[in-house]
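Notes follow the structure.
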Amino acid sequence: MEGRMCLPSSRPSLASDAPIGIFDSGIGGLTVAHAIAQAMPAERMLYFGDTAHMPYGDRSPELVRTYSVRIAEFLAAEGCKAIVIACNSASATAKAAVEACLPEDVPVIDVVAPVVQHLAHEGVKRVGVVGTRATIGSGIYGHSLREAQRANGLTGGRIEEWATPLLAPLIEEGWQSHELMLPVIQGYLEAAGWHAGKERHIEALVLGCTHYPLAEPAFRQVLGPEVDLIDGPSIVAAAVSAALRTRGMLAPADARQGQHEFMVSDLTDNFAQSAQRFFGEEVHLVPGGPWFQH
Ligand code: DGL
């Protein structure tokens, strides 16, 4: 996976009105895409959801890396000026491999690092993280948060990471507000040692899966008002904006050229219907991407 490029070295430099490439294992990353669309209305997005290979959260790191690199190559070959890994499981296991496969002028923004930087910058010491088995098993939040806390001179930090694999399928089923969500969230948190009313056990909970923002009210109900829920998508959108601004690659502020495109590797009626819930407005999914046979 050493630094080879998927685009010819003689290619013209990327225009600032090129699209931002965004990918996830499926449709959960649409929560991040929506935050980007809200924060940067002039930008055009090319979204790819790898619905044929999801869930990444239960796959091996090697397989998630293989899929992620293939997708990043595809998005770069489509002319994307930046790649957003809108999946915690892929961010946790594949960021370095994705960076290594892309030309240096294509920035890669993942969903973990901006949240970690935000927490360290805000001086949050006691942090809980919930996510898929792949994300939690990688220990990425713990490692990088401890490092960022040290760099910010914070001592006495505590990070607890809890795998909550039943939540993404329940949310995908549209059950994020179902009464069953509460005992499932509570069961996971209590099994991990969290107890309602325990004095500021954690100050903040990172919803470390791009599906979970839809279940924020259920998390809020279980955790109460004392614990901050970290709004990953808007933090990531700000990081994407900063990365493009630094490189002088923000789209011109006048009207956006063209529509967003939303592709999935396997299109079913269920994905087509659920996509709208994740994006918060109408989305037209089409089959496409690196595995698509014309
Ligand atoms: N969207 C993925 C994430 O953020 C979770 C879904 C999956 O397991 O594929 O980790």
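For ligands, and for the atoms within them, numbers begin at 1 and follow the listed sequence.
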In the protein, which heavy atom is nearest to [atom], and how far is it?
atom	answer
atom 2 (C) of ligand 1	C87 SG, 3.6 Å
atom 8 (O) of ligand 1	G57 N, 2.8 Å
atom 9 (O) of ligand 1	S25 OG, 2.6 Å
atom 10 (O) of ligand 1	S89 OG, 2.7 Å
atom 5 (C) of ligand 1	C209 SG, 3.4 Å

Quick one: which ligand 1 atoms are inside 4.0 Å of a heavy atom on [X]?
X	result
N88	3 (C), 4 (O), 10 (O)
T132	5 (C), 8 (O), 10 (O)
D24	1 (N), 2 (C)

Could you tell me if the ring centre of Y47 sits under 6.0 Å from that of F279? no

Taking the six-membered ring for Trp, are the ring centroids of H34 and F278 within less than 6.0 Å of each other?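 No, too far apart.
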
For the CZ atom on R277, are there more than 12 heavy atoms of other groups (residues, nucleotides or ligands in this structure) within a distance under 6.0 Å?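 Yes, because the 6.0 Å sphere around CZ of R277 holds more than 12 heavy atoms from other groups.
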
If you draw a 6.0 Å radius around NE2 in H178, do more than 12 non-hydrogen atoms from other residues or ligands fall strictly inside? yes

E203 and R158 ion-paired at < 4.0 Å: no

Lys/Arg-Asp/Glu bridge criterion (N-O < 4.0 Å) met for R133, D58: yes

Contact (N/O only, under 3.5 Å) between T210 and ligand 1: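 The answer is yes, given that T210 and ligand 1 share an N or O pair closer than 3.5 Å.
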
Cluster companions of F292 among Ile, Leu, Val, Met, Phe, Trp, Tyr (side-chain spacing under 4.5 Å):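 Under the 4.5 Å side-chain rule, F292 groups with nothing.
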
Does some non-hydrogen atom of G26 fall short of 4.0 Å from ligand 1?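 Contact check G26 vs ligand 1: negative.
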
